[in-house]
Amino acid sequence: RDKVFIATKFGFTNNPDGSGMSFNGSPAYMKQAVEASLKRLRIDVIDLYYAHRIDPNVPVEEMVGAMAELVKQGKVRFLGLSEASVNSIRKAHAVHPISALQSEYSLLTRDPEKDVLPLCKELGISFIPFSPLARGMVTNTLKTSELEESDFRLTLPRYQQEYEENNSKLTAGFAALASQKGCTPAQLALAWVLAQGEHIIPIPGTKKRKYLEENAGSVDIELV
């Protein structure tokens, strides 16, 4: 257990009427969620506990205050936020130190650069980019026309078939650049993300060991 750092989130719940999901950031729900996570994970303490979103119906100070109680109780070690604005991050950090912020960030999704990344650096918060490979786009292996109908990416503008030709040209050019560097497109994309700050820890998803090993090799890529 001491060799594994475990992070998990709370907040999203299924709507009773079956209409999808909604976010619940209330202290009452959080207390239920953390106990359920500890039980499912079969552990005594969660290393990093994220609020999956900011609940517009619950003051962020109230939510983080309740999360801080979990730290005092020894059920959680560090607190994190996901998809939070600069204003929410500052409010949360004033209540209890926020150790990590998770948001989407990649070569194709640059929004955090404006204010979130600088704020995280200022406050000493680790920035955890999800989808650092643009949901597979920059690997030069994704064809939107071959995605299954249930694939979430088909609901996003970037992955619509009308953009496939443009995307193919973009990713092929990036793959050529990676080849010149002697690495894979995924490795080059991750190396770029890592190069944006020492406080950045990307979390690329993978289901196969070979891709895990490939992604790990990104730390050895020199961009210059």
Side-chain angles (χ1 to χ4, degrees), residues 1-55 57-58 60-84 88-89 92-93 95-105 120 124-133 135-136 148 150-153 186 190 193-194 199-219:
R1 172 67 179 90
D2 61 348
K3 295 181 179 179
V4 179
F5 188 89
I6 297 177
T8 190
K9 301 176 181 178
F10 81 92
F12 278 111
T13 61
N14 291 314
N15 295 329
D17 60 3
S19 60
M21 304 185 75
S22 58
F23 185 79
N24 186 344
S26 69
Y29 175 73
M30 182 208 65
K31 291 176 182 179
Q32 298 175 18
V34 72
E35 296 298 341
S37 288
L38 289 168
K39 183 177 181 180
R40 284 192 298 268
L41 292 167
R42 290 180 289 178
I43 56 178
D44 297 321
V45 59
I46 296 168
D47 295 308
L48 174 59
Y49 200 44
Y50 286 101
H52 210 143
R53 290 291 188 273
I54 301 299
D55 191 335
N57 300 312
V58 179
V60 67
E61 297 91 341
E62 182 179 334
M63 181 182 74
V64 175
M67 294 172 70
E69 287 299 316
L70 299 180
V71 177
K72 293 179 181 178
Q73 295 167 11
K75 297 178 180 179
V76 169
R77 290 197 173 102
F78 303 102
L79 303 185
L81 300 176
S82 180
E83 296 290 318
S88 292
I89 296 168
H93 197 71
V95 175
H96 186 280
I98 299 300
S99 297
L101 174 75
Q102 189 176 132
S103 290
E104 183 172 1
Y105 183 51
C120 286
I125 298 173
S126 294
F127 183 73
I128 317 294
F130 70 81
S131 299
L133 300 178
R135 305 178 193 273
E148 296 181 5
S150 59
D151 196 303
F152 168 74
R153 287 171 290 189
L190 289 172
V193 171
L194 286 165
H199 62 309
I200 297 177
I201 308 172
I203 46 172
T206 181
K207 297 179 180 178
K208 297 182 180 180
R209 182 186 294 269
K210 66 176 182 178
Y211 294 131
L212 175 63
E213 294 172 345
E214 176 186 327
N215 292 340
S218 62
V219 299

- Message: Over 60° means perpendicular and under 30° means parallel, so tell me whether F12 and H52 are parallel, tilted or perpendicular.
- Response: perpendicular
Do side-chain atoms of [X] reach the backbone of [Y] as a donor and acceptor pair under 3.5 angstrom?
| X | Y | value |
| --- | --- | --- |
| R153 | R135 | yes |
| H93 | I98 | yes |
| Y49 | V34 | yes |

- Heavy-atom pair of closest approach, residues V71 and R77: CG1-O, 4.1 Å
- Message: Between E62 and V95, is the side-chain contact (heavy atoms from CB on, under 4.5 Å) condition met? List the steps.
- Response: CA-CA 9 Å; E62 182 179 334; V95 175; over 6 Å; no
- What do the steps show when you test M63 against M67 for side-chain contact (heavy atoms from CB on, under 4.5 Å), and what is the final call? CA-CA 6 Å; M63 181 182 74; M67 294 172 70; 4.3 Å; yes
- CA sep, side-chain torsions, deciding dist, call: L70, M30, side-chain contact (heavy atoms from CB on, under 4.5 Å): CA-CA 10 Å; L70 299 180; M30 182 208 65; 3.9 Å; yes
Side chain to side chain, [X] and [Y], heavy atoms closer than 4.5 Å:
| X | Y | result |
| --- | --- | --- |
| E83 | F130 | yes |
| L48 | I6 | no |
| S22 | T13 | yes |

Would one find more than 12 heavy atoms of other residues, nucleotides or ligands at under 6.0 Å from atom [atom1] of [X]?
| X | atom1 | value |
| --- | --- | --- |
| R209 | CZ | no |
| D44 | CG | no |
| K9 | NZ | yes |

- Carboxylate-amine/guanidinium contact K72 E69, below 4.0 Å: yes
- All side chain to side chain donor-acceptor pair (under 3.5 Å) counterparts of T206, not counting sequence neighbours: none
- Do L38 and I43 pass the side-chain contact (heavy atoms from CB on, under 4.5 Å) test, and can you show the C-alpha distance, the side-chain angles, and the key distance before you say yes or no? CA-CA 5 Å; L38 289 168; I43 56 178; 4.0 Å; yes
